[in-house]
Enquirer: 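Before anything else, here's the structure in question.
Please read all numbers here as calculations on a predicted model, not as lab measurements.
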Amino acid sequence: MDRYEATFEIDSKTDSYAARRILEQAYDTIREESRSVREGSDDADVLLREFKTLRDAAKQPATGTLTVTYERYDE
């Protein structure tokens, strides 16, 4: 398994806006993929709810840290 991680320090409104755009794009991409690949499955609904929560949390500008982790399995 390969693991990649990127951490973004958010300490300005500009950084906060960028983090919000990253999460909005991730949500939109996952939503579209779920419609075509996993439509109606429980795991797709759970995944979308989790990303919607992240996206909504980023709507209010605030300082913090956004960490994105990508794990690729050999399967």
Side-chain angles (χ1 to χ4, degrees):
M1 173 177 74
D2 295 325
R3 181 183 173 110
Y4 306 92
E5 193 169 281
T7 300
F8 304 92
E9 295 297 326
I10 302 164
D11 48 10
S12 70
K13 275 191 168 184
T14 302
D15 293 346
S16 183
Y17 177 74
R20 186 177 95 207
R21 293 293 300 142
I22 289 169
L23 292 170
E24 286 174 349
Q25 186 64 43
Y27 175 80
D28 290 345
T29 300
I30 290 166
R31 186 188 67 226
E32 290 301 317
E33 287 296 318
S34 294
R35 284 183 182 164
S36 63
V37 177
R38 298 176 168 185
E39 187 172 12
S41 69
D42 289 339
D43 61 333
D45 293 339
V46 170
L47 182 64
L48 277 175
R49 275 195 308 272
E50 290 171 350
F51 268 92
K52 184 178 185 297
T53 300
L54 288 171
R55 183 198 66 183
D56 292 348
K59 286 183 179 179
Q60 298 299 320
T63 59
T65 303
L66 171 63
T67 301
V68 178
T69 303
Y70 173 69
E71 294 179 348
R72 184 172 55 193
Y73 301 107
D74 294 333
E75 300 174 9

Enquirer: Is a donor on one side and an acceptor on the other found under 3.5 Å between the side chain of S16 and the backbone of S12?
Expert: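 Between the backbone of S12 and the side chain of S16 there is no qualifying donor-acceptor contact (under 3.5 Å).
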
Enquirer: How far does NZ of K52 sit from CG of D45, to the nearest 0.5 angstrom?
Expert: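 Answer for the NZ-CG pair, K52 versus D45, is 13.0 Å.
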
Enquirer: Could you grab the distance from atom CG of D11 to atom OG1 of T63, nearest 0.5 Å is fine?
Expert: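 It is 7.5 Å, given to the nearest 0.5 Å.
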
Enquirer: Give, for atom CG of L47 and atom OH of Y27, the distance between the pair rounded to the nearest 0.5 Å.
Expert: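 If we round to the nearest 0.5 Å, L47:CG and Y27:OH are 10.0 Å apart.
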
Enquirer: Taking all non-hydrogen atoms of both residues, which atom of A62 and which atom of I10 are closest, and how far apart?
Expert: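 For A62 and I10, the tightest heavy-atom pair comes out as O-CG2, 3.3 Å.
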
Enquirer: According to the salt bridge (Lys or Arg N to Asp or Glu O under 4.0 Å) rule, which pairs have a member within residues 59-71, sequence neighbours left out?
Expert: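 Checked against salt bridge (Lys or Arg N to Asp or Glu O under 4.0 Å) - neighbours excluded - the pairs reaching residues 59-71 are R3-E71, D56-K59.
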
Enquirer: Give, for atom CD1 of I30 and atom CD of E50, the distance between the pair rounded to the nearest 0.5 Å.
Expert: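 So the gap between those two atoms works out to 9.5 Å.
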
Enquirer: Using the rule that two of Ile, Leu, Val, Met, Phe, Trp, Tyr join whenever any of their side-chain heavy atoms come within less than 4.5 Å, decide whether L23 and V68 are in one cluster.
Expert: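 Per the 4.5 Å side-chain linkage, L23 and V68 are co-clustered.
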
Enquirer: Could you measure the distance from the OG1 atom of T7 to the CD atom of E9? Nearest 0.5 Å is fine.
Expert: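 Here the rounded value is 7.0 Å.
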
Enquirer: Counting only heavy atoms not in R21, do more than 12 sit closer than 6.0 Å to its CZ atom?
Expert: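 Open.
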
Enquirer: At what distance, to the nearest 0.5 angstrom, does CG of D74 lie from CG of D2?
Expert: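 CG of D2 is found 6.5 Å from CG of D74.
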
Enquirer: Are F51 and F8 in one and the same hydrophobic cluster, where Ile, Leu, Val, Met, Phe, Trp and Tyr link if side-chain heavy atoms are under 4.5 Å apart?
Expert: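 Same cluster.
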
